[in-house]
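As the structure is a prediction and not an experimental result, all values here were calculated from the model.
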Amino acid sequence: MTALEAAYQLPEIKYAIALDPYFRPRWEEVLKDSNRFTLNKPYFIMNSELWHDNSCFTKDFPSWKAVCKFHKDSKKTGASWRFNTKLKNSDHINFMDLPMLFPLYFKHDGLIPKD
């Protein structure tokens, strides 16, 4: 949620890209009040299919419902270029750069040969 929060708080940020936003800090606010937390700037939200429904970090609150409500309410502000997508068969780790580092760790630990 940091990209969306930063775009909300800082006027110098002109647009936002969020990958699996974590709405825990604001979910009640989003679901209760349609105008309290909206974004009147272009944004692109990409969600993994498994993050909002199956993660231990999001099971205790209606994460996907909060994302959809935020998107619906933000669309009412009139700014263009707003997208909220969900990628099927994807998980949160698919959006992270950590898997790119695995070969370095494996080489360091001797699990794969060094070049």
Hey, mind stepping through Tyr15 and Lys41 against side chain to side chain contact (heavy atoms under 4.5 Å, CB included) and telling me if it holds? CA-CA 6 Å; Tyr15 56 87; Lys41 298 176 183 180; 5.5 Å; no
Taking Thr85 for its side chain and Ile45 for its backbone only, find out whether a donor-acceptor pair lies under 3.5 Å. yes
Taking the side chain from Ser74 and the backbone from His71, do they hold a donor-acceptor pair closer than 3.5 Å? no
Which pair of non-hydrogen atoms, one from [X] and one from [Y], has the smallest distance, and what is that distance?
X     : Y     : value
Ala3  : Ala16 : O-CB, 3.9 Å
Lys14 : Pro42 : O-CD, 3.4 Å
Val30 : Ala66 : CG1-O, 3.5 Å

What is the ring orientation for Trp81 with Phe44, classed by angle as parallel under 30°, tilted 30 to 60°, or perpendicular over 60°? tilted
Full working for ring-ring contact (aromatic ring centres under 6.0 Å, His included) between Phe70 and Tyr8: CA-CA 12 Å; Phe70 167 80; Tyr8 176 75; 8.6 Å; no
Suppose we screen for side chain to side chain donor-acceptor pair (under 3.5 Å). Which residues come up paired with Asn84, at least two apart in sequence or across chains? Asn47
Could you tell me the separation between the [atom1] atom of [X] and the [atom2] atom of [Y], rounded to the nearest 0.5 Å?
X     : Y     : atom1 : atom2 : result
Phe37 : Glu29 : CZ    : CD    : 7.5 Å
Asp20 : Lys86 : CG    : NZ    : 9.5 Å
Lys69 : Lys32 : NZ    : NZ    : 12.0 Å
Arg26 : Phe61 : CZ    : CZ    : 13.5 Å

Full working for side chain to side chain contact (heavy atoms under 4.5 Å, CB included) between Arg82 and Asn40: CA-CA 9 Å; Arg82 288 197 179 86; Asn40 190 13; 3.5 Å; yes
Is there a side-chain contact between Trp27 and Ser63, using heavy atoms and a 4.5 Å cut-off? no
Cut-off 3.5 Å, side chains only: do Thr38 and Asp73 have a donor facing an acceptor? no
Grouping I, L, V, M, F, W and Y whenever their side-chain heavy atoms are under 4.5 Å apart, do Leu87 and Leu50 come out in a common cluster? no
Should Phe83 and Ile17 be regarded as members of a common hydrophobic cluster, given that ILVMFWY residues are connected when their side-chain heavy atoms come within less than 4.5 Å of each other, either directly or indirectly? yes
